[in-house]
Number of protein chains: 2
Amino acid sequence: MKSGDNREKREVRDVIFGTVAAVAALFGSEARLKIMQLLSQSPRSVEEIAKLTGESIANTSQHLQRLLAEGLVSVRKDKISRIYNLGSGSVSEFIECLFDLAEELSPGLREACSQLDKPGCTCPVGIKDAIELVRSGKARIIDLRPETESAYSPISGAINIPIEKLKTGASALPKNKKYYLVCRGRYCSGAGEGVKLLRALGYEAYKLRSSHSRINGEFPKRRNAK
Amino acid sequence: MKSGDNREKREVRDVIFGTVAAVAALFGSEARLKIMQLLSQSPRSVEEIAKLTGESIANTSQHLQRLLAEGLVSVRKDKISRIYNLGSGSVSEFIECLFDLAEELSPGLREACSQLDKPGCTCPVGIKDAIELVRSGKARIIDLRPETESAYSPISGAINIPIEKLKTGASALPKNKKYYLVCRGRYCSGAGEGVKLLRALGYEAYKLRSSHSRINGEFPKRRNAK
DNA sequence: TGACTATTCAAGAATTCTATTGAATATTAG
DNA sequence: CTAATATTCAATAGAATTCTTGAATAGTCA
């Protein structure tokens with residue numbers, strides 16, 4: 001092999017690693033990571049995102065522009081606003097990977113996570129087993145999100161009872177089943193609250209830990225980011 | 001719920017996302033990504049890594065320090081040098097995820113990758129199927145890396161024939177089998193060369209696309225990063 | 001011990017990234 | 001057409017990151 005050939009491949013490898021590192025860098029900003037995690041739950045307008053992340057609208061918009069240019073998010077126009085969404089399911093899968101790795105690496109992170117959950121909520125079964133239990137009638141999965149979000153990314157086998165409705169109508173649920181609760185993904189405290197509520201009423205309830213993306217497997221189609 | 005409780009959880013979430021973003025940022029530098037990808041193949045000294053990445057030794061050392069502090073790599077002392085290694089298999093799994101995502105997002109990256117491979121090398125079977133074929137005697141997986149690297153992270157079912165030996169002794173291989181070649185992971189051109197070589201001799205050969213970490217599943221134990 | 005090797009440390013310059021500000025654009029509703 | 005709303009653009013200051021340089025450390029070998 002000629003040495004020129006080697007050098008050429010060397011440069012190709014530089015391009016490859018540069019590109020991949022650039023992708024990783026997109027997740028390396030707290031603001032952008034929050035945006036993407038939010039979008040993995042449901043599509044939202046710039047204003048909504050800004051409100052939920054606590055950033056300014058202009059800054060949020062700028063981050064979204066960049067994510068759009070790189071194909072990580074997509075937009076569609078609504079009447080008056082632009083609704084952003086994740087570009088593909090791979091993105092939220094990747095975010096899950098990232099969270100997994102970070103939790104493994106950082107004891108501090110694990111501790112912070114445990115502060116979001118009430119103790120004793122740790123779920124004894126995984127998501128697949130939970131779905132199986134639902135099939136056999138022994139358990140129910142309850143999706144605590146508002147109807148709009150739940151309708152966007154439905155969880156297979158789950159029934160949607162927004163947290164407010166659960167507060168008033170929980171006692172109508174049958175007692176002879178186990179309850180696995182999900183809310184807005186891994187770092188939402190909603191499911192933990194629901195568990196507390198149901199347990200106070202004598203139910204056997206757990207927080208099901210897994211993101212919607214993994215549970216669901218169905219994603220909006222990728223749009224052309226033009 | 002008190003509003004103070006909400007604010008507190010808000011801060012916890014900030015900590016969480018900040019931590020996770022920091023982890024992602026570690027992969028957002030070309031130099032560090034190269035280092036980690038190298039280490040996913042075999043442990044190496046600072047000097048070796050610096051040479052292979054083309055960075056200065058001091059700079060490489062600094063990156064390694066940081067990766068060490070964050071638990072992404074581990075060290076052990078050799079006679080004279082310090083041998084760095086990936087901290088856990090999760091890291092190389094994550095790198096695979098990252099590469100997958102980047103390839104999906106970037107057409108330019110896909111094109112760059114295709115430049116490393118000779119056309120027609122794309123493997124018709126996945127890694128699991130390939131191992132199955134080896135078991136049934138219909139195929140062989142050949143690991144083209146030097147013996148030292150191959151010994152460190154052996155690929156199940158593979159035989160080790162360093163590329164130099166293949167050049168001289170390929171014709172001794174039986175003709176009635178399929179050959180799946182692996183080298184140093186996804187972006188190494190070694191396997192592509194091997195394929196060209198074997199095909200020129202009339203063999204049915206393919207580049208098996210998958211990293212060693214995924215093939216292997218066995219990783220060095222995590223060391224305390226102190 | 002002393003020379004040598006491999007690595008780390010420390011400080012600084014250059015670059016890149018992020019968030020802010022205020023203005024500009026575009027779309028809808030009246 | 002005009003006002004109002006939602007978002008984007010453009011410039012900038014501040015912060016953080018990266019690589020370089022030259023010196024310092026520590027362990028090995030003769």
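Chain letters run A, B, ... following the sequence lines, proteins first, then strands; residues in each count from 1.
- In this view, Ala130(A) and Val125(A), Ile141(A), Tyr180(A), Leu208(A) satisfy the side-chain contact (heavy atoms from CB on, under 4.5 Å) rule, not counting sequence neighbours.
- Residues meeting the salt bridge (Lys or Arg N to Asp or Glu O under 4.0 Å) test with Lys165(A), sequence neighbours left out: Glu147(A).
- Here Lys79(A) does not reach the OP1 or OP2 of dT27(C): none of its side-chain N or O atoms lies under 4.0 Å away.
- Whole-Å rounding puts the Ile49(A) CD1 to dA6(D) C1' distance at 13 Å.
- Annotation: salt bridge (Lys or Arg N to Asp or Glu O under 4.0 Å) contacts of Glu103(A) (sequence neighbours excluded): Arg186(A), Arg209(A).
- In this view, Ala50(A) and Ile57(A), Thr60(A) satisfy the side-chain contact (heavy atoms from CB on, under 4.5 Å) rule, not counting sequence neighbours.
- Checked against ring-ring contact (aromatic ring centres under 6.0 Å, His included), Phe17(B) has the following partners two or more places apart in sequence or in another chain: Phe99(A).
- Counting to the nearest Å, the P atom of dC9(D) and the NE2 atom of His63(A) are 15 Å from each other.
- Not counting sequence neighbours, Tyr84(B) has no partner by the ring-ring contact (aromatic ring centres under 6.0 Å, His included) test.
- Glu104(B) and Ser88(A) form a side-chain donor-acceptor contact under 3.5 Å, judged by distance and modelled atom types alone.
- Residue-to-nucleotide proximity on DNA chain C shows that, of Asp78(A) and Ala31(A), the 5′-proximal contact is made by Ala31(A).
- Ile35(A) has its CD1 atom 11 Å from the P atom of dT18(C), to the nearest Å.
- Remark: Arg140(B) engages no residue in a salt bridge (Lys or Arg N to Asp or Glu O under 4.0 Å) (not counting sequence neighbours).
- Following rounding to the nearest Å, Leu26(B) (CG) and dT18(D) (C1') show an atom-to-atom distance of 14 Å.
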Within the 4.0 Å limit for protein heavy atoms, which parts of nucleotides 3-17 of chain C are touched? Write it as a string from 5' to 3', B for base, S for sugar-phosphate only, - for none.
---SSBBBB------
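- Using five terminal pairs a side, the axes of the helix from dT1(C)-dA30(D) to dG30(C)-dC1(D) at its two ends make an angle of 30°, given in steps of 10 degrees.
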